[in-house]
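The block underneath contains the structure these notes are about, expressed in structure tokens.
The chains referred to below are lettered A, B, ... by the order of the sequence lines, with proteins before strands, and numbering in each begins at 1.
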Amino acid sequence: DGGITQSPKYLFRKEGQNVTLSCEQNLNHDAMYWYRQDPGQGLRLIYYSQIVNDFQKGDIAEGYSVSREKKESFPLTVTSAQKNPTAFYLCASSDQFGGRLEAFFGQGTRLTVV
Amino acid sequence: EDQVTQSPEALRLQEGESSSLNCSYTVSGLRGLFWYRQDPGKGPEFLFTLYSAGEEKEKERLKATLTKKESFLHITAPKPEDSATYLCAVQAASGGSNYKLTFGKGTLLTVNP
């Protein structure tokens, strides 16, 4: 089945630790995105990538880092510099170059700082 | 700056009671407007893309419409399984970040049997 796989589904992190969230897609999409969702707020863009080896900061990139070494993969690292990392993280991809604008989402990773 | 405002924040309906959700937007040239459905603890599920004013799309009990300033998601004779949060998003046609989606905060729909 084609889709977007995020892992793990739940993640617990101690304060001061870096943690990496995985996102893999087999839809052959060029564009990939990371969003953060907090209760009562809309999805906010952290980073996005249009092609391999290229990515841009979104609205709330501070304390996060990404890489795009392969078309299928777009991992997100939440660093210790992120002051309030507890949230629901969503990865998405879209076929922008193919003329399809809509983004398709994974099932999310819920990160909790303990 | 692109903005999306959804109303109401929450809506409670009886099964079979039709209604509409609103999405007002401000964007520097609309490339596309999107509707998603999100169930608790899950990622958003794509419903519709609308590209230009006057366009309409339907899927089962849902119908999305678009004007130059807002979009409506009409729900006809809803069932309890339609209960979810409905998200609206826009993508601008201009600017360096033209792949970015800007989301509203969503409308939480509850349909009681």
### Query
What part of A:Q6 is in contact with chain B, defined as an atom under 4.5 angstrom from a non-hydrogen atom: side chain, backbone, both or neither?
neither
### Message
Is A:Q56 in contact with chain B via its backbone, its side chain, both, or neither, using a 4.5 Å heavy-atom distance?
### Response
neither
### Task
Below 4.5 Å from any heavy atom of chain B, which atoms of A:L43 appear? Answer side chain, backbone, both or neither.
both
### Task
Give a yes or no on whether the backbone of A:K14 and the side-chain of A:Q17 come within a donor-acceptor separation of less than 3.5 Å.
yes
### Query
Roughly how far apart are B:F46 CZ and B:F34 CZ, rounded to 0.5 Å?
7.5 Å
### Task
Please confirm whether the backbone N or O of A:I51 pairs with a side-chain atom of A:D54, one donor and one acceptor, at under 3.5 Å?
no
### Message
Is A:L101 in contact with chain B via its backbone, its side chain, both, or neither, using a 4.5 Å heavy-atom distance?
### Response
both
### Audit row: A:F74, A:Y33, ring pair (Phe, Tyr, Trp, His ring centres under 6.0 Å) steps and yes/no
CA-CA 8 Å; A:F74 192 41; A:Y33 315 80; 8.3 Å; no
#### Entry: Contact class of B:Q6 relative to chain A, heavy atoms under 4.5 angstrom
neither
### Query
For chain B, which of A:Q41, A:Q37, A:K9, A:E102 has the most heavy-atom pairs under 4.5 Å?
A:E102
### Message
Less than 4.0 angstrom from a charged side-chain N to a carboxylate O is my criterion; do B:K63 and B:E56 meet it?
### Response
yes
### Summary
Cut-off 4.5 Å, heavy atoms of chain A, and the answer for B:L108 is neither
### Message
Ring-plane angle category for A:F105 and A:Y35, please: parallel below 30°, perpendicular beyond 60°, tilted otherwise.
### Response
tilted
### Query
Contact part of B:Y51 toward chain A, heavy-atom cut-off under 4.5 Å: side chain, backbone, both or neither?
side chain
